[in-house]
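Comments concern the structure below.
What you are looking at is a predicted structure, and each value in this text was computed from that prediction instead of being measured. A note on names: the letters A, B, ... follow the listed sequences, proteins ahead of strands, and every chain is numbered from 1.
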Amino acid sequence: MIETGKAEAKKTDALRIAGLDCFYGEVQVLYGLDLVLYKGEVLCLFGRNGAGKTTTLKAIMGLVPSSAGSIKLAGQELTGLPAHEVPKAGVAYVPQGRRLFAEMTVAENIEIGLMARGKGKAVRENVLDLFPLLRQRLKQRSGTLSGGEQQMLAMARALCLEPQVLLLDEPTEGLMPSMIAKIRETVSKLREMHVSTILVEQRVDAVLSVADRVSFIENGRNRETVDVEELRADPSAVRRYVGVG
Amino acid sequence: MHFGPHLLLAALEGLVTSAVLALTALGLSLVFGVMRVVNVAHGEFFMLGAVLAWAISTAISGHPALGFLAALVIAPLIVGAIALVAERLVLRRLNYNPEATIVATIGMLYIIQQLALTFYGPEARPVEPPFSYRILLPWFGYSGYKLSIIAASALLLIVTWLVLTRTRIGLIMRATQYDSETAQAFGIPVDRVYGGVFALGAMLAAIAAVLIVPISQAHYLMGQDPLLLSFIVVIIGGLGSLRGTVVAAVLIGLSDGIISMFFSPTLAKIIATLLVAMVLVFRPQGLFGTASR
């Protein structure tokens, strides 16, 4: 992996992945992946479909078993923990496609988020302050919300864990421009709240507008990590790894 | 007897069948709904409930109600514990694979059945009802105990519904049912939920058996009919749907009671089978089930 990010020297780790190997059955998906997320930053994973971005997030959550390597959350080893212990350690996950409990109400989805770390009413209120629209929809079945509202609920549910690290998998996928702007605004707010975020994103504009650094994932490896300012100045990496830009 | 009272009697008999069937089928439905496991051994947990009820009520001397009440508490707990051990030793090791667990639960069916034959024997044995009060209606007298089965089943179904919809445990069970991977990502220990649900499903079957055994008899082969009828109920009602299970159980129980009395029990079974076939063709997810994504 090539680390050219300027932030590396002055920041402390929120999450550090070293030499991670993951398999789906017999098929290897991640090959010795290395990745560092610093405290309070937004790190974007960028790459083609099937490069291993979602698998990386799932491996952090313990949803895909790793056969080698380590994942450390502020020094605490996560590999080997049962999947249900990872959120309790302080990692929250917003999966691709939201994966809400569609038959449950908005309030019940939020309740699920609050349960893992035993968070109470105060956290619920803080989260609903971030997404005031959800407050009016608490009794509505979540499957009947619009795509944007569902994304807000998925993020609200994850933030109920009060995570140190938030994993967002393509949060703007299939959303209207106004909703995309709202999601970007929320990610920026979370940075101000010192939540470290790994964002999987396909849209170059979204990456450039919210990320601090970008890691290019290709064939299950982190090929290169660059500061977003460097990428703005020289977008050739985007062309090299994704073929657009 | 005139047609009206005759119909009332048939309906009451049908409701007793419905009550027991709803509890048994609910256990099967919960296990499939949450774990995606088709538990072919479910009828054997029913049988174990009845056999244990006989053993417990025989062991306790005094008024029959004492033995029955002890059986109503202890038999489901023992059956639940056996189910939990089976879940840990067999289903968990198969990673709850849908095909493998069907084969495994067929194996469990035979093991439980043969153990019952070995230790309990081939005889059908009665259990004394806790009371033998008859309610005198203008047209006929009817067993107060049979009416209490309907009341007890209704109460248990309401309690189960309240647990599922109004409690934290219910929320956890529903989250696991809808999306087990996401549930884990929110701290829900899915393995433990599966163990609890499998035990709960077996306990519901055992309670149904303890309730019915005073008007039936405990026998080591008695699990087959409840298993078949439970599958019919959950296919019609929709796997995993409590409302669908109750509606289908009432439908099957009532039609069984009424058609058996006015025509023949065989015709009642033929109609139930036709109903299943029609549901499978026109609404495979069942009357109240949701289509899988």
A:L100 vs B:D179, side-chain contact (heavy atoms from CB on, under 4.5 Å): CA-CA, chis, key distance, verdict = CA-CA 8 Å; A:L100 294 172; B:D179 187 339; over 6 Å; no

Please say whether more than 12 non-hydrogen atoms of neighbouring residues, nucleotides or ligands are located less than 6.0 Å from CZ in B:R192.
-> no

Which residues in residues 53-85 of chain A have any heavy atom lying under 4.5 Å from a heavy atom of chain B?
-> A:K58, A:M61, A:L63, A:A83, A:H84

Contact check, side chains of A:M104 and B:L171, non-hydrogen atoms, under 4.5 Å | yes

Enclosure of B:I169 CD1 (heavy-atom neighbours >12, cutoff 6.0 Å) | no

Could you grab the distance from atom OG1 of B:T182 to atom CD1 of A:I112, nearest 0.5 Å is fine?
-> 10.5 Å

Kindly determine whether A:V86 and B:Q184 satisfy side-chain contact (heavy atoms from CB on, under 4.5 Å), including the steps that lead there.
-> CA-CA 9 Å; A:V86 175; B:Q184 284 189 83; over 6 Å; no

Region of B:T165 in contact with chain A, defined by heavy-atom distances below 4.5 Å | backbone

For A:G113 against B:F186, the heavy-atom pair lying closest together = CA-CD2, 3.9 Å

Give me the contact list for residues 139-163 of chain A versus chain B, heavy atoms only, anything under 4.5 Å, ordered by residue number.
-> A:R157, A:A158, A:L161

Around B:R243, counting heavy atoms of other residues, nucleotides and ligands shown, do more than 12 lie under 6.0 Å from its CZ?
-> no

Would you indicate whether B:R93, at its atom CZ, is surrounded by more than 12 heavy atoms from other residues, nucleotides or ligands within a distance under 6.0 Å?
-> no

Check whether any side-chain heavy atom of A:E103 lies under 4.5 Å from a side-chain heavy atom of B:Q177, and answer yes or no.
-> no

How about B:Y110: does its OH atom have over 12 heavy atoms from other parts shown lying under 6.0 Å from it?
-> no

Which pair of heavy atoms, one from A:P87 and one from B:G187, lies closest together, and at what distance?
-> CG-N, 3.3 Å

Within 6.0 Å of NZ in A:K39, more than 12 heavy atoms from elsewhere = no

